[in-house]
Amino acid sequence: MTKIAIICGSNRKQATTAQLCRHLEQVLVNKGCQVIFLDLYSLPLPLYSPDVECDDANLAIFKNGLNEADGIILATPEYHGAPSGVLKNALDYTGFAQFDGKVVLSASSTGGPVGVSSLQQLQTIVRNVHGINCPEWISIGGENRIFTPEGEPANQKTRERVLHTLQYFVKMVETFSSIKQ
Ligand SMILES: Cc1cc2nc3c(=O)[nH]c(=O)nc-3n(C[C@H](O)[C@H](O)[C@H](O)COP(=O)(O)O)c2cc1C
């Protein structure tokens with residue numbers, strides 16, 4: 001079974017990023033994937049320092065989840081045209097061991113219509129840890145961040161976009177993880 005880790009990079013209780021991630025999880029489960037959900041709001045990590053050998057329990061869960069995954073989704077609110085601090089902090093704990101040769105999908109939630117700037121920066125990070133950037137990405141913004149009580153994006157085009165992107169992403173993950181073995 002294909003294992004996908006979703007890192008939810010918001011530090012806010014009612015985060016739209018988390019709502020998007022839960023929808024991504026549901027679609028992936030419906031497609032037969034196993035999802036490892038790593039929510040940095042409920043799984044906070046200490047501030048990274050190169051001076052400290054960190055034995056934090058949450059960090060162990062976080063790293064084990066990524067180690068196990070065949071593919072990874074990075075999701076962030078767009079803060080000042082960039083990924084959130086909590087996501088960047090979490091990624092500073094990781095490197096080739098977690099990302100090398102794995103397909104990575106980036107997703108963002110923004111106040112404005114689209115969050116391309118944070119997505120580009122996430123893709124730069126992915127390249128530097130030798131992950132394989134999925135050319136498709138997901139950006140929800142403004143009014144497209146409304147979700148139904150069932151947890152689906154209210155906007156039909158957004159639902160279609162998510163479905164198309166996840167189909168593309170899972171196919172890439174399956175292809176590259178079979179090459180890696
Ligand atoms: C510090 C900060 C900076 C932000 N910068 C931007 C920005 O550059 N562009 C934008 O469209 N929205 C910006 N926003 C709005 C957030 O991207 C938006 O509210 C997002 O949906 C929050 O995600 P969340 O619901 O997961 O917390 C900013 C919000 C905060 C708190």
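In listed order, ligands and their atoms are each counted from 1.
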What side-chain donor-acceptor pairs closer than 3.5 Å can you find for residues 132-143, not counting sequence neighbours?
unit_1: Asn133; atom_1: ND2; unit_2: Gln123; atom_2: O; d: 2.9
unit_1: Glu136; atom_1: OE1; unit_2: Arg161; atom_2: NH1; d: 3.3
unit_1: Glu136; atom_1: OE1; unit_2: Arg161; atom_2: NH2; d: 3.2
unit_1: Glu136; atom_1: OE2; unit_2: His164; atom_2: NE2; d: 3.2
unit_1: Ser139; atom_1: OG; unit_2: Gly115; atom_2: N; d: 2.8

TODO: Report the C-alpha distance between Glu25 and Arg22 in whole Å, list the side-chain angles of each, state the deciding distance to 0.1 Å, and finish with yes or no for salt bridge (Lys or Arg N to Asp or Glu O under 4.0 Å).
DONE: CA-CA 5 Å; Glu25 176 183 35; Arg22 286 296 176 194; 2.8 Å; yes
- [ ] Tell me the residues surrounding ligand 1, counting only those with a heavy atom closer than 4.0 angstrom, sorted by chain and number.
- [x] Ser10, Arg12, Ala15, Thr16, Thr17, Pro77, Glu78, Tyr79, His80, Gly81, Ser109, Thr110, Gly111, Gly112, Arg145
Ignoring hydrogens and angles, write down the donor-acceptor pairs under 3.5 Å from the side chains of residues 27-38, residues two or more places apart or on other chains.
unit_1: Asn30; atom_1: OD1; unit_2: Gln26; atom_2: NE2; d: 3.2
unit_1: Asn30; atom_1: ND2; unit_2: Gln26; atom_2: O; d: 3.4

Task: Aromatic ring proximity, centroids under 6.0 angstrom, Phe99 and His130 - done: no
Validation: residues 40-49 side-chain donor-acceptor distances under 3.5 Å, sequence neighbours left out:
unit_1: Ser42; atom_1: OG; unit_2: Asp39; atom_2: O; d: 3.4
unit_1: Ser49; atom_1: OG; unit_2: Asp51; atom_2: N; d: 3.1

Task: Donor on one side chain, acceptor on other, Ser108 and Thr76, under 3.5 Å - done: no
